[in-house]
Trainee: 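Just dropping this structure here.
Side chains included, hydrogens not; waters and symmetry mates left out as well; all remaining heavy atoms used.
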Amino acid sequence: MKSRRVLFITQEITPYLPDTDVSLLGRKMPQFAQEKGREIRTFMPKWGGINERRSQLHEVIRLSGMNLIIDETDHLLIIKVASIPSARMQVYFIDNDDYFMKRLEACDENGDEYADNGERAIFYARGVLETVKKLRWVPDIIHCQGWISAVAPLYIKTSYREEPSFRDSRIIFTPAGDDLKLPLTQQFRTNLQFKGLSDKDLKDFPEDATMMDLYKLALRNSNGMLLTASNMNQELIDYANELGLPVFGPVDMTNPDASSQVVDYFDSVWSEGKAPIEDPDM
């Protein structure tokens, strides 16, 4: 059985950010799926370093305007959109004055890590999921990439599990980078609380969580893990194997055959919920 619709919740996409393994992953994965006939929706944060005029971003008024409450404070959700003509691909951007406007990715211009990165990840995840609901779109596969997407699997499997848009979706997680150095706090764990999410869902998540703990939380709520050569973390591979998740990779995004291999993996996770653990020579 083939997956028909794939949602990408990404951390970075080139050309909106400089070319890195992470931004190329965000750019190529949606293209792979689209080239194989899948319908896609792609999201990323509107990081402050993105030039809106040069990239021709514009606000989608009908999707913007919702307030998301985090730490008992209202935060306005703003949705913007742009296109990558060479890939015939549209990208939705999650924006907010507090979390993204004039602010870079994990660290500021001086290399100092933002203290509220955990809250930013919560806002991003909930912003994407609420927007997909508004679009009345039902993805078969949801591919989450990087630390900023890592709480999305938790919410999909708990707070949004009865939503028609996500009820039957299968989640594939890709760790990307080691941007978060500071431990998360008890306040982050408190801010995670949302409808339908219980203490049981966070029983293995420590109060002073590291990025590795955040990635493992994502994996506990995922149906598979996809890796590239730059994120072959053995601890995460071993953990995914313990959970019985199908691990696929490393994927070489410069290989012409990679698109077929990736989409075949998506289809196997969608149709069976499991696939052979592979380490393809790409």
Trainee: Just checking, is any N or O donor in the side chain of S260 or D257 under 3.5 Å from an acceptor N or O on the other one?
Mentor: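 Side chains of S260 and D257: no pair found under 3.5 Å.
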Trainee: Step through the shown structure and confirm whether more than 12 heavy atoms of other residues, nucleotides or ligands are within 6.0 Å of NZ on K102.
Mentor: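 No - once you tally the heavy atoms of other residues, nucleotides and ligands closer than 6.0 Å, there are 12 at most.
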Trainee: Count the heavy atoms belonging to other residues, nucleotides or ligands that lie under 6.0 Å from CD of Q56, then report whether that count exceeds 12.
Mentor: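 Counting other residues, nucleotides and ligands, CD of Q56 stays at 12 neighbours or fewer.
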Trainee: Of all heavy-atom pairs between W270 and D168, which one has the smallest distance, and what is that distance?
Mentor: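 What the structure gives for the nearest pair is CZ3-O, 3.2 Å.
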Trainee: Spell out, yes or no, whether I78 and I69 are grouped together once hydrophobic residues are joined by side-chain heavy atoms under 4.5 Å, including indirect joins.
Mentor: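 I78 does not cluster with I69.
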Trainee: For atom NZ of K133, is the number of surrounding heavy atoms from other residues, nucleotides or ligands below 6.0 Å larger than 12?
Mentor: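 It does: K133 NZ has more than 12 such atoms within range.
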Trainee: Are R5 and R38 packed together at the side-chain level, in the sense that at least one heavy-atom pair is separated by less than 4.5 angstrom?
Mentor: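 No. Closest side-chain heavy atoms not under 4.5 Å.
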Trainee: Any chain of hydrophobic side-chain contacts (each under 4.5 Å) joining F188 to L182?
Mentor: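 Each belongs to a different hydrophobic cluster.
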Trainee: Transitively linked via ILVMFWY side-chain contacts under 4.5 Å: L180 with L219?
Mentor: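 Yes, it is one cluster - the side chains of L180 and L219 are joined through contacts under 4.5 Å.
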Trainee: Does the side chain of L236 come within less than 4.5 Å of N231's, by heavy atoms?
Mentor: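 Contact flag for N231/L236 side chains = no.
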Trainee: What residue among F100, Y124, Y99 forms ring pair (Phe, Tyr, Trp, His ring centres under 6.0 Å) with H75?
Mentor: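 Passing option: Y99.
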Trainee: Under 6.0 Å between the ring centres of Y215 and F173?
Mentor: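 Judged by ring-centre distance (under 6.0 Å), Y215 and F173 do meet the cut-off.
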Trainee: Mind listing the closest non-hydrogen atom pair of K80 and D95 along with its distance?
Mentor: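 Distance-wise, the nearest heavy atoms are NZ-OD2, 2.8 Å.
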Trainee: Taking T174 for the side chain and L226 for the main chain, is one N or O donor matched with an acceptor at less than 3.5 Å?
Mentor: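 At least one qualifying donor-acceptor pair exists.
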Trainee: Can you tell me how far the CZ atom of R170 sits from the OG atom of S222, to the nearest 0.5 Å?
Mentor: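 That separation rounds to 12.0 Å.
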Trainee: Counting heavy atoms not belonging to R4, are there more than 12 under 6.0 Å from its CZ?
Mentor: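 No.
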Trainee: So do W137 and E39 actually touch side chain to side chain, heavy atoms under 4.5 Å?
Mentor: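 The answer is yes; the side chains approach within 4.5 Å.
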Trainee: What's the shortest heavy-atom distance between M29 and F8, and which atoms?
Mentor: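 The pair with the smallest heavy-atom distance is O-CZ, 3.5 Å.
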Trainee: Working to the nearest 0.5 Å, report the span between CG of L129 and CD1 of I142.
Mentor: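 Reported value, rounded in 0.5 Å steps: 7.0 Å.
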Trainee: Which atom names give the shortest non-hydrogen contact between A218 and P153, and what distance separates them?
Mentor: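 Residues A218 and P153, closest heavy atoms: O-CB, 3.7 Å.
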Trainee: Which Ile, Leu, Val, Met, Phe, Trp or Tyr residues join L104 in one cluster when any pair of side-chain heavy atoms under 4.5 Å counts as a link?
Mentor: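 Grouped by the 4.5 Å side-chain rule, Y114 form the rest of the cluster around L104.
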Trainee: Can you see which heavy atom on L57 is nearest to which on Y16, and at what distance?
Mentor: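 Minimum heavy-atom contact is CD1-CE2, 4.5 Å.
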Trainee: For the residue pair Y155 and Y160, categorise the inter-ring angle as parallel (less than 30°), tilted (30 to 60°) or perpendicular (more than 60°).
Mentor: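 Geometry flag for Y160 against Y155: perpendicular rings.
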Trainee: Taking only residues at least two apart or on different chains, which pairs with a member in residues 114-123 satisfy salt bridge (Lys or Arg N to Asp or Glu O under 4.0 Å)?
Mentor: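 Only R103-D116 qualify under salt bridge (Lys or Arg N to Asp or Glu O under 4.0 Å).
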Trainee: I'd like to know whether Q261 forms a side-chain contact (heavy atoms from CB on, under 4.5 Å) with V251, so could you lay out the CA-CA distance, the side-chain angles of the two residues, the decisive distance to 0.1 Å, and finally the verdict.
Mentor: CA-CA 8 Å; Q261 295 166 333; V251 176; 5.9 Å; no
Trainee: Please name the pair of heavy atoms, one in E105 and one in W147, separated by the smallest distance, quoted to 0.1 Å.
Mentor: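 Here E105 and W147 meet closest at C-CZ2, 4.5 Å.
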Trainee: Heavy atoms, side chains only, cut-off 4.5 Å: are Y239 and M212 in contact?
Mentor: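 No. Closest side-chain heavy atoms not under 4.5 Å.
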Trainee: Would a single hydrophobic cluster contain both V22 and I148, if residues Ile, Leu, Val, Met, Phe, Trp and Tyr are joined by side-chain heavy-atom contacts under 4.5 Å?
Mentor: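 No, separate clusters.
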Trainee: Pair R27, S86 - check side-chain contact (heavy atoms from CB on, under 4.5 Å), show working.
Mentor: CA-CA 11 Å; R27 166 69 172 75; S86 60; 3.5 Å; yes
Trainee: Kindly indicate whether the side chain of I237, heavy atoms from C-beta on, has any atom under 4.5 Å from the side chain of M225.
Mentor: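 The answer is yes, as the side chains (C-beta and beyond) meet within the 4.5 Å cut-off.
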